[in-house]
Amino acid sequence: MKAKNRKVVLIGAGMVGMSFAYQLYSSGLCEELGLIDFFAEKAEGEAMDLNHAGALVPPIKVTSGGYEQCSDADVIVICGGLPQKPGETRLDLVDKNMKVVKEMSDQIVASGFDGVIVIASNPVDVLTNALQKFTGFPKNKIIGSGTTLDTSRFRYMLGEVLDVAPNSVRGYILGEHGDTQFAAWSNVYVYGKQFDKFLASTDKYTAADFEKIEERVMRAAYEVINRKRATYYAIGISLFTIVKAILRDENTELAVSGYCEGHYGVEDLYIGVPAIIGREGVREIVEMDLTSEELAKMKHSADVLKKTLNDAYAALEV
């Protein structure tokens, strides 16, 4: 994809979508932002509110309307659908949001869109798989936000314990953006040392200092939702990071929901893995060396997603 006019269309002008839109609007990254929402007046009002800061940011045109806005867009970002409520898992949302994604897909295809789609609606891995099936678009041009946010949470929490900047810690959360995710500890690096070797080189920390981090990362969304009913700032920045990598053709490594064809032992499934992201979407899946225990966790996560996905397809009769 050669960027035409650096145009992004956002579908779903709720808190997640508008957290992303606000970051995009003030960044100077694109020239045009189109907003689509089930509640048309909501999208119109959001466009007005952003445009009123036009004298204070790099030039950008914000519009609202229907799916005709997708026809000449470079990237579509999907945040539409029902949000996760207190007490719900992400997988609890599947039947409701599968229908929403089907309706969106039909209208995106009808618009003539030929760019890259990034989806954050939950359960994101299931809906990323469904989005590709419904649109028929190339697999590399459909990207789920996957474990981008979970990986950021992981690095932040490790940095907290270590008292170092989160971007100085290297490591990934893999698998489902949900309860079956896991930390690939074998590929965590601190100060350039693999994590186990780092622990062995210091008497300042022990393994016990880090044993609850993986669970804290997995539970993080629940903790935020219990306190403020929704998460949106961090996922908004995560989406901006992915879109920036696409529009700038950065070819940077991010943990997204990417399509695996034998990678990590996973066949024909979008799931959270590190991938190189650039103008064409996913350039390639990065396959790290995992331990047998980590590979087993990946298989379990993939099995849960496949069952959920197949059940959802059966319920929707597709």
Side-chain angles (χ1 to χ4, degrees), residues 10-17 36-39 66-67 70 76-111 113 117-139 141-147 149-150 174-182 218 221-222 225 229-231 235 239 256-261 264-273 297-318:
L10 169 66
I11 302 175
M15 292 302 295
V16 171
I36 301 172
D37 196 85
F38 179 79
F39 299 101
Y67 284 81
C70 300
I76 293 174
V77 176
I78 298 178
C79 297
L82 296 171
Q84 189 178 354
K85 297 178 181 178
E88 281 188 321
T89 69
R90 295 178 182 91
L91 292 182
D92 288 334
L93 301 173
V94 65
D95 290 335
K96 308 168 189 175
N97 283 343
M98 184 76 87
K99 295 176 182 177
V100 174
V101 168
K102 179 66 169 68
E103 293 170 1
M104 290 177 183
S105 298
D106 293 343
Q107 295 184 80
I108 290 170
V109 171
S111 76
F113 174 76
I117 304 180
V118 180
I119 181 169
S121 307
N122 278 317
V124 68
D125 303 286
V126 173
L127 297 182
T128 305
N129 281 276
L131 181 65
Q132 194 283 322
K133 179 182 178 71
F134 296 152
T135 61
F137 290 166
K139 295 178 176 66
K141 291 192 173 185
I142 303 288
I143 305 173
S145 55
T147 52
L149 173 53
D150 306 288
L174 303 182
E176 175 203 358
H177 175 56
D179 293 356
T180 64
Q181 67 181 229
F182 65 97
M218 186 273 289
Y222 299 122
I225 290 168
R229 302 192 65 80
T231 68
I235 184 59
L239 287 168
V256 299
S257 190
Y259 191 76
C260 290
E261 299 176 278
Y264 301 104
V266 176
E267 291 283 357
D268 304 324
L269 188 75
Y270 283 91
I271 193 169
V273 289
K297 289 180 179 179
M298 179 64 97
K299 182 180 184 305
H300 171 64
S301 190
D303 288 346
V304 169
L305 287 176
K306 283 183 176 180
K307 182 180 186 310
T308 304
L309 185 63
N310 290 334
D311 289 348
Y313 284 152
L316 199 60
E317 297 182 347
V318 296

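Scope of the values below: all heavy atoms of this structure, side chains included, with no hydrogens, waters or symmetry mates. Everything numeric in this text was worked out from a predicted model, so none of it was measured. By convention here, the first residue in the shown sequence is residue 1.
Here the CD1-OH distance, from I271 to Y259, works out to 12.5 Å after rounding to the nearest 0.5 Å. A distance of 14.0 Å separates CG in D311 from NZ in K306, rounded to the nearest 0.5 Å. To the nearest 0.5 Å, the span separating OG1 on T308 from CD on E176 amounts to 7.5 Å. Atom CE in M98 sits 9.5 Å away from atom NZ in K133 (nearest 0.5 Å). Note that the NE2 atom of H300 and the OG1 atom of T180 stand 5.5 Å from one another [nearest 0.5 Å]. Taken to the nearest 0.5 Å, the CG atom of D150 stands 8.5 Å off from the OG atom of S145.
When all heavy atoms are compared, the tightest approach of G144 to V256 is O-CB, 3.3 Å. Closest heavy-atom contact between L127 and N122: CD1-O, 3.4 Å. Counting all heavy atoms, side chain and backbone alike, A221 lies closest to T231 at O-CG2, 4.0 Å. Counting all heavy atoms, side chain and backbone alike, G146 lies closest to V124 at N-CG1, 4.0 Å. The minimum heavy-atom distance between I36 and C70, with the atom names listed, is CD1-SG, 4.0 Å. Across all non-hydrogen atoms, the minimal contact from Q181 to M218 is OE1-CA, 3.5 Å.
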(request) Dump the intermediate steps for side-chain contact (heavy atoms from CB on, under 4.5 Å) on M298 and V273, then the final yes or no. (result) CA-CA 10 Å; M298 179 64 97; V273 289; 3.8 Å; yes

(request) Tell me, with the steps shown, if K99 and D95 meet salt bridge (charged side-chain N to carboxylate O under 4.0 Å, His left out). (result) CA-CA 7 Å; K99 295 176 182 177; D95 290 335; over 6 Å; no

(message) Quick one, C79 with I235, criterion side-chain contact (heavy atoms from CB on, under 4.5 Å). Give me CA distance, side-chain angles, the key distance, then yes/no.
(response) CA-CA 10 Å; C79 297; I235 184 59; over 6 Å; no

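With sequence neighbours left out, K299 forms a side-chain hydrogen bond (donor to acceptor under 3.5 Å, both in side chains) with D303. For the side-chain hydrogen bond (donor to acceptor under 3.5 Å, both in side chains) test, no residue two or more places apart in sequence or in another chain qualifies with S111. Evaluation of the side-chain hydrogen bond (donor to acceptor under 3.5 Å, both in side chains) rule for S121 yields no partner, not counting sequence neighbours.
Each of L309, L131, V101 was evaluated against V126; a single residue qualifies, L309, per the side chain to side chain contact (heavy atoms under 4.5 Å, CB included) test. Under the side chain to side chain contact (heavy atoms under 4.5 Å, CB included) rule, I119 has a single partner from I78, I143, I76, which is I78.
Residues N129 and Y313 bring no donor and acceptor atom of their side chains to less than 3.5 Å of each other.
In this structure a side-chain-to-backbone donor-acceptor pair under 3.5 Å is present from D125 to H177. In terms of modelled atom types and a separation under 3.5 Å, the side chain of Y270 and the main chain of K139 share a donor-acceptor contact. A donor-acceptor pair is defined here as one N or O able to donate and one able to accept, closer than 3.5 Å; such a pair exists between the side chain of D37 and the backbone of A13.
Between V304 and D179 the shortest side-chain heavy-atom distance does not fall below 4.5 Å. Side-chain contact between Y67 and F113 is absent, with no heavy-atom pair separated by less than 4.5 Å.
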